[in-house]
2 protein chains.
Amino acid sequence: MPVAQPQSHAYADPDHRSDGGLSALDQTGTLLQVLRNQTIFSEGDPVNHAYKIISGVVRLCKHLPDGRRQIAQFLFPGDYLSFVAIGDHGFCAEAVVDVSLLAFPHKHVERLCWENPDLRARLFEILSQRVREIQNHLTIIGRQTAKERVAAFMLLLSERLSHGGPRIDVPMSRYDIADYLSLTMETVSRTVSLLKAARIIAAPSLHQLELRNLPALHALADGMD
Amino acid sequence: MPVAQPQSHAYADPDHRSDGGLSALDQTGTLLQVLRNQTIFSEGDPVNHAYKIISGVVRLCKHLPDGRRQIAQFLFPGDYLSFVAIGDHGFCAEAVVDVSLLAFPHKHVERLCWENPDLRARLFEILSQRVREIQNHLTIIGRQTAKERVAAFMLLLSERLSHGGPRIDVPMSRYDIADYLSLTMETVSRTVSLLKAARIIAAPSLHQLELRNLPALHALADGMD
DNA sequence: CGCCGTGTTGACCAGTTTCAAGATTGGTGG
DNA sequence: CCACCAATCTTGAAACTGGTCAACACGGCG
């Protein structure tokens, strides 16, 4: 398993607010580049570093022995990754597109946390938020239909990848989307076509998306079909 | 929405190891009893207390507007609950059977965390473990078949409720199990019957379970069908 | 003893997957 | 700049898993 290792010099975060020592932490990271579809770490690897995503998108996924795959989360610029420091990784992390990350040795994070208890409190908050997100994801996967799931996914993208305008570019493949939503690629494709036909979305190009009817999307995602 | 409130006197934890201030925390809790099927807190309620389950089983669930329900977790004696202190509850907590809990005002927990940073580190670990559990649950729900899900559930029960012997008593209804596994009650029932026919389990009574063939169960749960 | 909530079983149905055939897209090299 | 190729995506038809609806059984309790 190719495991990317930090190699570069210290990185200075331009955005340096007072945020419970988070930006102080960021300053200690080393920059790391990972190419599209490369593995950042694999399931079962010992946890050595925490990461912060600077640019690109990461998928957190689990592979079953027979090839089935579940993507637990997509992580976007600004997200922290693997600051859960227990034993081995329960999931593997892969770059959806070329990614740059800050890497922090866990020992380092621990030290900072002891010097500045604020920091751990802040990380605790972030982790709490994460729990909430996964639980919502669980409900979507567990109890919503294909249409509802795809709608929810598009709203996620618009929250995390919108550059102001209505146009979003979708960095991941249909296959990734399917494994995130626990569907097949085909079902995702069909459902997107359906939403296009209903004028709820438009797709100027394959990996671009325009949400034409936000209220309808929200209604769908919330199961008020 | 009936929200149970702590009412009782301080509770002394007999099990008082040095565990990062966790038992110190436990000593500050007030005992609280909640009857079967009563709500401990609802989705959207402000987060005021953290809890530790002393006895009984709790379900964490989300209700969709149209009646669909997803149970994110079952919580068992020893589990902490709602120590994620951000704004409002994202899920509701209900007693599966009569439950006794310790309740801790969150302000209190915060104060203890500042006095003793160990405690927050410990809570962080617990939360990390929780994340891992939910992610595994997500994979089960998302990518495994009915048989695999039921098998995984039985293994969970045996981990958390086994009293040494091979006999487990199953405190929750088929309906609860279904909503935990994202199936219907009927499918759970059928699948259990199937496993009985295959001599993998036995069910001396309706809410009792005996795992007759552990290896087969593990094989099923891991998708090596 | 009989009732009601809960669990089981059966027959049928629907949404999603599977399998298979094309259509787009993007990258490469002539 | 275009042609071609591989990868990705779309669409269609058939199969299947699990869901729905309905009847029935069980079991605890008045």
Side-chain angles (χ1 to χ4, degrees), chain A residues 35-37 59 64 66-70 96-98 140-154 169-198 201-209 220 223 225, chain B residues 35-37 59 64 66-70 96-98 140-154 169-198 201-209 220 223 225:
Chain A
L35 295 178
R36 175 179 146 79
N37 285 326
R59 59 178 178 252
L64 300 192
D66 61 356
R68 285 176 287 181
R69 184 180 70 151
Q70 176 66 45
V96 170
V97 294
D98 294 358
I140 292 171
I141 297 303
R143 286 303 185 204
Q144 310 217 159
T145 64
K147 239 196 295 191
E148 291 166 345
R149 295 184 211 191
V150 171
F153 178 69
M154 288 175 172
D169 69 23
V170 182
M172 56 287 282
S173 69
R174 294 289 187 270
Y175 201 84
D176 282 339
I177 299 173
D179 283 344
Y180 177 74
L181 296 177
S182 298
L183 297 168
T184 58
M185 202 192 45
E186 292 93 329
T187 300
V188 171
S189 183
R190 275 185 252 271
T191 308
V192 169
S193 299
L194 232 141
L195 296 179
K196 269 199 286 195
I201 61 165
S205 95
L206 238 174
H207 286 273
Q208 275 195 327
L209 196 59
L220 265 181
D225 198 354
Chain B
L35 296 178
R36 178 179 144 78
N37 284 326
R59 58 177 178 252
L64 299 191
D66 60 356
R68 284 176 287 181
R69 183 179 70 152
Q70 177 65 46
V96 170
V97 294
D98 294 358
I140 292 171
I141 296 304
R143 286 304 186 203
Q144 309 217 163
T145 65
K147 239 198 294 189
E148 292 167 345
R149 296 184 210 189
V150 171
F153 177 69
M154 288 175 170
D169 68 25
V170 181
M172 57 287 282
S173 69
R174 294 290 188 268
Y175 201 84
D176 281 339
I177 298 173
D179 283 343
Y180 177 74
L181 296 176
S182 298
L183 297 168
T184 57
M185 203 191 46
E186 291 92 330
T187 300
V188 171
S189 184
R190 275 185 254 272
T191 308
V192 170
S193 299
L194 232 141
L195 296 180
K196 270 198 287 194
I201 60 166
S205 92
L206 238 174
H207 287 272
Q208 274 196 329
L209 195 60
L220 264 181
D225 197 355

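Just so we're on the same page: letters track the sequence lines, and every chain starts at 1.
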Judged by atom type as modelled, is there a donor-acceptor pair below 3.5 Å linking the side chain of [X] to the main-chain atoms of [Y]?
X	Y	answer
A:His207	A:Val170	yes
A:Arg174	A:Glu186	no
B:Thr191	B:Thr187	yes
B:Asp98	B:Arg36	yes
A:Arg59	A:Tyr180	no

Can you tell me the distance, in whole Å, between the [atom1] atom of [X] and the [atom2] atom of [N]?
X	N	atom1	atom2	answer
A:Arg190	C:dT16	CZ	P	11 Å
B:Lys196	D:dC26	NZ	P	12 Å
A:Asn37	D:dA7	CG	P	13 Å
B:Leu206	C:dG5	CG	C1'	12 Å
B:Arg149	D:dG19	CZ	C1'	12 Å
B:Arg143	D:dG18	CZ	C1'	16 Å
B:Arg36	D:dG28	CZ	P	13 Å
B:Leu194	D:dG18	CG	P	11 Å

For a quick test of reading the model: is some side-chain N or O of [X] closer than 4.0 Å to OP1 or OP2 of [N]?
X	N	value
B:Ser193	C:dT9	yes
B:His207	D:dG27	no
B:Ser189	C:dG7	no

When every non-hydrogen atom of B:Arg69 is compared with those of A:Arg143, the smallest separation belongs to O-NE, 3.0 Å
Can you say whether a donor on the side chain of A:Glu186 sits under 3.5 Å from an acceptor on the base of D:dC9, or the other way round? no
OG1 (B:Thr184) and CD1 (B:Ile177) are apart, to the nearest 0.5 Å, by 12.0 Å
The correct set of residues in residues 172-185 of chain A placing a heavy atom under 4.0 Å from DNA chain C is A:Ser182, A:Leu183, A:Thr184
Describe the nucleic acid contact of A:Ser205 in one word from base, sugar-phosphate, nothing, applying a heavy-atom distance below 4.0 Å. nothing
